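Structure first, commentary second.
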Amino acid sequence: MNHLLDQLYKTKLRLAGLITAVAGTGLLFLSHAVATTPTLSWLIGWPTGELGTTLLSAGVIAVIFEYYARREADERATEHFRSAIRKEAPAIRDAVLDSFAFSPEGLKDIASDDTLDRIATNAIGLRLSDPELARDAYADLREQVIRSPERWRDVDVSVSLSPWTGASAAGKAAMFVATIRWEYRVRPASATMRFACVADLAEYRDLLRDPATTSAWYFEPHGSVKAESMDAFELLQLSVNGKEQKIRRTERRGAQLYSVGLGKAASTGEEITLSYTCRVLVQRHGHLLYLDLPRPTKGFHVQLDYSQADIRYVNVLDYFASPDSSRVERSTDSAAARTIDVGFDGRIFPRAGVAFVWVLVDEVQPALHGA
């Protein structure tokens, strides 16, 4: 089907030709009438015959010629356009790709999320020369970062270990009290933060994957201390931009849950500073305290203070998937406070973290005495 403008052009051309031909025919009749009608003798000197012939020719012959000549001209123009496109296609392609490379906002405006995923996967595949690895790597990146509800920045954590006075200082029931304070900047995805302490491992793993849960702890029951006990875990305070928020606590058998509303600051879409402090029991003979980062993080620092704990030495294990290494600084033996500082300035993927593994004093004293 011809384009509407082409049909309109043909109609106007035919109409103009018809009017011109009719006018030429009329002038020819007028020229013949001048010679036979006395009253029109005053028109004898006018070139009505020549004008009629010219108009008739323009209305019939010229219009027909223009119609077919235009069709051929359109075909030539189309062929010239195709030739130009074929010759300039590489340059146009490179210009478009360069514009998208330097201005990705334009690509985002014209491509859907699925298209962007395919473009990213193909680009990574070309760089790696391994399409299968690219698909797997980008799928992990999409799940861990792109679909993460939040991204944390400038995370600062302080941990203090001290003996728990609720049980004996030695033996299987001995515990350390870990007082942990978190502070970081974030654009919150939810107006409510949730914390949980559970005794069921399956539930604990589900909570780790739940984007609505800020922090989850697993506590294995020991004697009279259960996961639902405030001795096992307690959220002490939470503030938004320095303003304390109300904490709500519920408990059930084998679990306790905390929820804190963030107030109006969470609905502005602006970055806020969150800080909270919790207290958790850690098995003394477990030799391990692991701090998990559940969100993508930029910039991380943690300090462990074990001055009050009967710990001889602490090893540090970080799980940061990065070509850069973390900074680990230990206090000197002569310092009053025994601390370890771990810092990392790069990007950290979710489910990464830092593990502190300790050696107790009473575990090395027999060897020292024997020496």
Side-chain angles (χ1 to χ4, degrees), residues 140-141 143-145 147-161 175-186 188-190 192-220 227 232-236 238 255-260 274-283 286-306 314-322 325-328 340-358:
D140 289 343
L141 180 66
E143 292 298 324
Q144 295 185 66
V145 179
R147 294 182 179 177
S148 177
E150 296 177 343
R151 296 175 188 178
W152 294 357
R153 186 167 65 88
D154 300 333
V155 178
D156 187 81
V157 186
S158 61
V159 184
S160 176
L161 287 179
M175 297 277 188
F176 285 141
V177 177
T179 304
I180 308 172
R181 184 181 185 276
W182 290 74
E183 182 173 300
Y184 54 90
R185 298 186 63 80
V186 65
S190 173
T192 303
M193 296 181 65
R194 294 176 175 84
F195 303 80
C197 179
V198 298
D200 183 82
L201 270 175
E203 182 180 6
Y204 170 70
R205 295 190 182 98
D206 289 340
L207 289 172
L208 289 179
R209 294 189 294 267
D210 185 359
T213 302
T214 304
S215 177
W217 287 87
Y218 169 74
F219 185 82
E220 182 181 0
F233 177 86
E234 184 180 5
L235 180 64
L236 301 176
L238 188 146
Q256 58 175 313
L257 306 173
Y258 293 83
S259 62
V260 184
L274 281 173
S275 63
Y276 65 87
T277 304
C278 62
R279 184 176 60 232
V280 61
L281 287 183
V282 181
Q283 292 186 47
H287 300 87
L288 174 67
L289 175 64
Y290 181 72
L291 300 177
D292 178 65
L293 289 168
R295 305 287 186 265
T297 300
K298 168 66 174 175
F300 177 72
H301 169 259
V302 56
Q303 182 185 76
L304 172 68
D305 185 343
Y306 58 101
V314 177
N315 290 304
V316 178
L317 300 173
D318 68 71
Y319 298 91
F320 304 148
S322 171
S325 58
S326 60
R327 304 180 304 275
V328 179
I340 295 179
D341 287 81
V342 181
F344 187 78
D345 298 329
R347 298 279 182 179
I348 303 173
F349 283 177
R351 303 277 72 88
V354 174
F356 295 101
V357 183
W358 56 77

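Keep in mind that the numbers below use all heavy atoms, side chains included, and drop hydrogens, waters and symmetry copies. The shown structure was predicted, so the numbers you read here are calculated from the model rather than taken from an experiment.
- Looking at heavy atoms from C-beta onward, Leu141 lies in side-chain contact with Phe349 at the 4.5 angstrom threshold.
- Partners of Arg351 according to the side chain to side chain contact (heavy atoms under 4.5 Å, CB included) rule, which considers only residues two or more places apart in sequence or in another chain, are Leu208, Asp292, Pro294.
- Rounded to the nearest 0.5 angstrom, Cys197 SG and Glu234 CD are separated by 11.5 Å.
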Exercise. For side chain to side chain contact (heavy atoms under 4.5 Å, CB included), just list the numbers for Val159 and Val157, CA-CA rounded to whole Å, side-chain angles, deciding distance to a tenth of an Å, and then say yes or no.
Key: CA-CA 7 Å; Val159 184; Val157 186; 4.1 Å; yes

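- At most 12 heavy atoms of other shown residues, nucleotides or ligands fall within 6.0 angstrom of atom CZ in Arg347.
- Partners of Gln303 under the side chain to side chain contact (heavy atoms under 4.5 Å, CB included) rule, at least two apart in sequence or in another chain, are His301, Thr339, Asp341.
- Listed by chain and residue number, Leu207, Asp210, Ala216 satisfy the side chain to side chain contact (heavy atoms under 4.5 Å, CB included) test with Thr213 (two or more places apart in sequence, or in another chain).
- Not counting sequence neighbours, the partners of Tyr258 by the side chain to side chain donor-acceptor pair (under 3.5 Å) test are Arg249, Gln256.
- Judged purely by atom type and a 3.5 angstrom limit, Glu150 uses its side chain to pair as donor or acceptor with the backbone of Ala189.
- Leu257 places none of its side-chain heavy atoms less than 4.5 Å from the side chain of Arg194.
- A donor-acceptor pair under 3.5 Å links the side-chain atoms of Lys298 to the main chain of Asp345, judged by distance alone.
- The aromatic rings of Phe300 and Trp182 are tilted relative to each other, their planes meeting at an angle between 30° and 60°.
- To the nearest 0.5 angstrom, Tyr184 atom OH is 13.5 Å from Arg153 atom CZ.
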Quiz prompt | Ile180 vs Leu291, side chain to side chain contact (heavy atoms under 4.5 Å, CB included): CA-CA, chis, key distance, verdict | solution = CA-CA 10 Å; Ile180 308 172; Leu291 300 177; 4.1 Å; yes

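- Ring geometry for Trp217 against Phe233 counts as tilted: the plane angle lies between 30° and 60°, on a 0 to 90° scale.
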Exercise. I would like to know whether Val314 and Tyr306 meet side chain to side chain contact (heavy atoms under 4.5 Å, CB included); could you show each step before the answer?
Key: CA-CA 9 Å; Val314 177; Tyr306 58 101; 3.9 Å; yes

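- Within a 6.0 Å sphere centred on OH of Tyr218, other residues, nucleotides and ligands contribute more than 12 heavy atoms.
- Using a 4.5 Å heavy-atom cutoff, the side chains of Leu304 and Val354 are not in contact.
- Minimum heavy-atom separation, Leu235 to Thr277: CD1-O, 3.5 Å.
- Between the side chain of Thr297 and the main chain of Arg295, a donor-acceptor pair closer than 3.5 Å is present.
- Side-chain contact between Ser326 and Phe320 is present, with heavy atoms from C-beta onward closer than 4.5 Å.
- Between Leu161 and Asp305 the shortest side-chain heavy-atom distance does not fall below 4.5 Å.
- The shortest side-chain heavy-atom distance between Phe356 and Val316 falls under the 4.5 Å cut-off.
- Interatomic distance, Ile348 CD1 to Arg151 CZ, rounded to the nearest 0.5 Å: 14.5 Å.
- A search for side chain to side chain contact (heavy atoms under 4.5 Å, CB included) contacts involving Arg205 returns Leu201, Arg209, not counting sequence neighbours.
- In this view, Phe176 and Trp358 satisfy the ring-ring contact (aromatic ring centres under 6.0 Å, His included) rule, not counting sequence neighbours.
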